[in-house]
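Given the structure is predicted, the values throughout are model-derived calculations rather than measurements. Each ligand, and each atom within it, is numbered from 1 in the order the structure gives. All heavy atoms count here, side chains included; hydrogens, waters and symmetry mates do not.
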Amino acid sequence: MSEITLLKPVTDFLQRPHGHYINGLSIPGQGNNTFSVVNPASDEVIAKVNRGEEAEINLAMEAASKAFHGSWAQTSPMERGKCLNRLADLLQKHGEELAQLESLCSGKPIQLSRMLDVGASADYLRYFAGWSSKISGETLNVSLPSLKGEKYTAFTRREPIGVVVGIIPWNFSIMIAIWKLGAALACGCTLVLKPSEYTPLTMLRVAELAKEAGIPDGVINVVNGSGARVGSALLAHPQCAKVTFTGSVPTGTIIGKSAIEYGLTRATLELGGKNAAAFLSDMSVEKIVDGVLEAGYLNQGQICAAAERFYIPSVHMDAVLKLLSERLSAMKIGPPLDESTEMGPLANKEHYEKILSLFEKARQDGSEIVYGGHALEGEGFFVAPTIIRAKSAEDTLMQEETFGPIGTFLSYDDEEELIVMMNATPFGLSASLWTNDLSKAMRMIPRIQVGTLWINMHTFLDPAVPFGGVKSSGIGREFGSAFIEHYTELKSVMVRY
Ligand code: TXE
């Protein structure tokens, strides 16, 4: 076990005073109103960050509004795309520095930070860069009567919505922020980001790189602090035209309600859920276990689209749980900065305590803990990857989102009953169906109530494919061309001539 050495730019960055990034400047913030950033692998404080106050909130919203009406409005669509491409280049150039910061703050294994928070973020930026010059309206044929020879025509314009507030969770502090940033900037909007209080550092550095990429001051701003205080104040600000949020269902519900109350502010809510992965009986035990590992245990299960409910044909259940236990016991759990680590700690103490209480709840429910179900000894917020065999669909762990490395398993015999069980949840972010029988899969696809359904794969997102939830898992879509309608308003223009 050997950890990589932190780069000098990382150790230097950690030493700096941290606060916000507003109008092209790092703003350390005022006084001693700080909160701590804790490394979840060691429970040590690695930095202090100033909380945003009313002054910083107003400064950021006004800077974003000024840039929206000024410098960014005067930037051509092609130039906006070039800015995003240059930022993608800089993310890659500073990739190791950003990946190390991400792993230090979130506990994500370094290989995953490099691949997703850096590599995939650069790809998303390039995808959005391409869209910036392709956003257009339609020309329309009008049927109004022509009494004196007059004619009519009409067209629609897609106009940027204005200042967007992006509220970001802790599981992908760069990548999820980049999803919001790329979409907003490609459409001509400007942005104020509120990172999670657990991972407030990485976007401060990305905002500096955005300036280096030639993105005008005020287009990207970052204000740190708590959700209840800073997040809700940004949302309530009169300049906020839209909020885009990724996070928990309860917080998303509060944000959605507030957005309506604060003047019908537009809202995109990408929330979690209780995603299902269902394996049909033609799959081999080995294939099922490979699928379960892909669907449920990446990034310690802290992925909103990850599967938490696993439906296994009863004929395969015992063999699947036995082989899965063997595979989990061989998994390398360790420090995020060790390149061979496959599973790191949970991202923060509150989440760790929540997961421990869910283990307890599973025991109280009488669910069988087949593997794991406990904290690991030593420092940091490590838990064992866990397998739970549910008694019934009513067990707490078949109902509640854990957002941890916990698979809960239920057997089935009847495929009609399987579809009912998959849909028996208030949520609908994602699901997966695993089978070699294409005809059967095609018939089941329309009957599964989710925003994203994977066949023979799970968790992988692509910028070309719209992503978002149905039912209580959210409102709106990110990526594809679908994002455009959420960051622009449609204006109809009618002309008599
Ligand atoms: O999430 P929140 P938390 C789940 C996971 C986790 C639980 C709680 O199960 O254990 O949520 O985590 C900001 N107005 N997910 O508390 O509350 C907050 O500061 C405006 C799933 O971290 O959703 C942070 O920036 N903003 C999830 C962001 O919202 C508010 C990813 C997310 O915080 C606010 C993370 C308010 N009133 C956790 N309250 C996913 N679906 O990917 C909080 N915030």
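Looking at ligand 1, you won't find any N or O of T402 less than 3.5 Å from one of its N or O atoms. Not one N or O of Y198 is nearer than 3.5 Å to an N or O of ligand 1, by distance alone. Not a single N or O atom of S226, backbone or side chain, sits closer than 3.5 Å to an N or O atom of ligand 1.
For ligand 1, the atoms closer than 4.0 angstrom to any heavy atom of G272 are 41 (N). Within the listing of ligand 1, atoms 23 (O), 28 (C), 29 (O), 32 (C) sit less than 4.0 angstrom from a heavy atom of F245. For ligand 1, the atoms closer than 4.0 angstrom to any heavy atom of N171 are 31 (C), 42 (O). Shown in contact with E401 at under 4.0 Å from a heavy atom are these atoms of ligand 1, numbered in order with element: 4 (C), 9 (O). Near I168, meaning under 4.0 Å from one of its heavy atoms, ligand 1 places the atoms 24 (C), 25 (O), 28 (C). Ligand 1 places these atoms under 4.0 Å from at least one heavy atom of L271: 41 (N).
Scanning all heavy atoms of the two residues, the minimum distance from P109 to T341 falls at CB-O, 3.7 Å. When all heavy atoms are compared, the tightest approach of M175 to L116 is SD-O, 3.7 Å. Contact detail for Q239 and M61: the closest heavy-atom pair is C-CE, 3.9 Å.
Surrounding NZ of K391 are more than 12 heavy atoms belonging to other residues, nucleotides or ligands, all under 6.0 Å away. Annotation for E54: atom CD does not count as buried by contact number, only 12 or fewer foreign heavy atoms lying within 6.0 Å.
The residue E350 has no part lying near ligand 1, judged by heavy-atom distances below 4.0 Å. For P195, every heavy-atom contact with ligand 1 shorter than 4.0 Å involves the backbone, none the side chain. Here L235 has no heavy atoms under 4.0 Å from ligand 1, in either its backbone or its side chain. With a 4.0 Å heavy-atom cut-off, ligand 1 is reached by the side chain of K354 but not by its N, CA, C or O.
Considering each of S196, G247, S473, S248, the one bringing a non-hydrogen atom nearest atom 2 (P) of ligand 1 is S248. Heavy-atom proximity to atom 39 (N) of ligand 1, evaluated over I176, T251, T253, is greatest for T251. Nearest to atom 30 (C) of ligand 1 by heavy-atom distance, out of A233, G227, C304, G166, is G227.
Checked options F479, F172, F128; the residue passing with W179 is F479 (criterion: ring pair (Phe, Tyr, Trp, His ring centres under 6.0 Å)). Of the options Y311, F279, F310, a ring pair (Phe, Tyr, Trp, His ring centres under 6.0 Å) to F409 is made by F310 and by none of the others. Just one residue in the list I174, I176, L181 forms a side-chain contact (heavy atoms from CB on, under 4.5 Å) with S121, and that residue is I174.
Note on ring orientation: taking the six-membered ring where Trp is involved, the planes of Y127 and W131 are perpendicular (angle over 60°, cut-offs 30° and 60°).
Under the 4.0 angstrom criterion, atom 16 (O) of ligand 1 counts as lacking any protein heavy-atom contact. Not a single protein heavy atom sits closer than 4.0 Å to atom 33 (O) of ligand 1.
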- Message: Applying salt bridge (Lys or Arg N to Asp or Glu O under 4.0 Å) to K180 and E478, what does each step give before you reach the verdict?
- Response: CA-CA 8 Å; K180 320 293 190 197; E478 310 202 70; 3.3 Å; yes
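No donor-acceptor contact under 3.5 angstrom links the side chains of E400 and T396, judged on distance only.
For atom 18 (C) of ligand 1, the closest heavy atom belonging to the protein is E197 OE1, 3.5 Å.
Distances from ligand 1 to the non-hydrogen atoms of F172 include no value under 4.0 Å.
Residue pairs meeting the ring-ring contact (aromatic ring centres under 6.0 Å, His included) criterion with at least one member in residues 216-240: none, sequence neighbours excluded.
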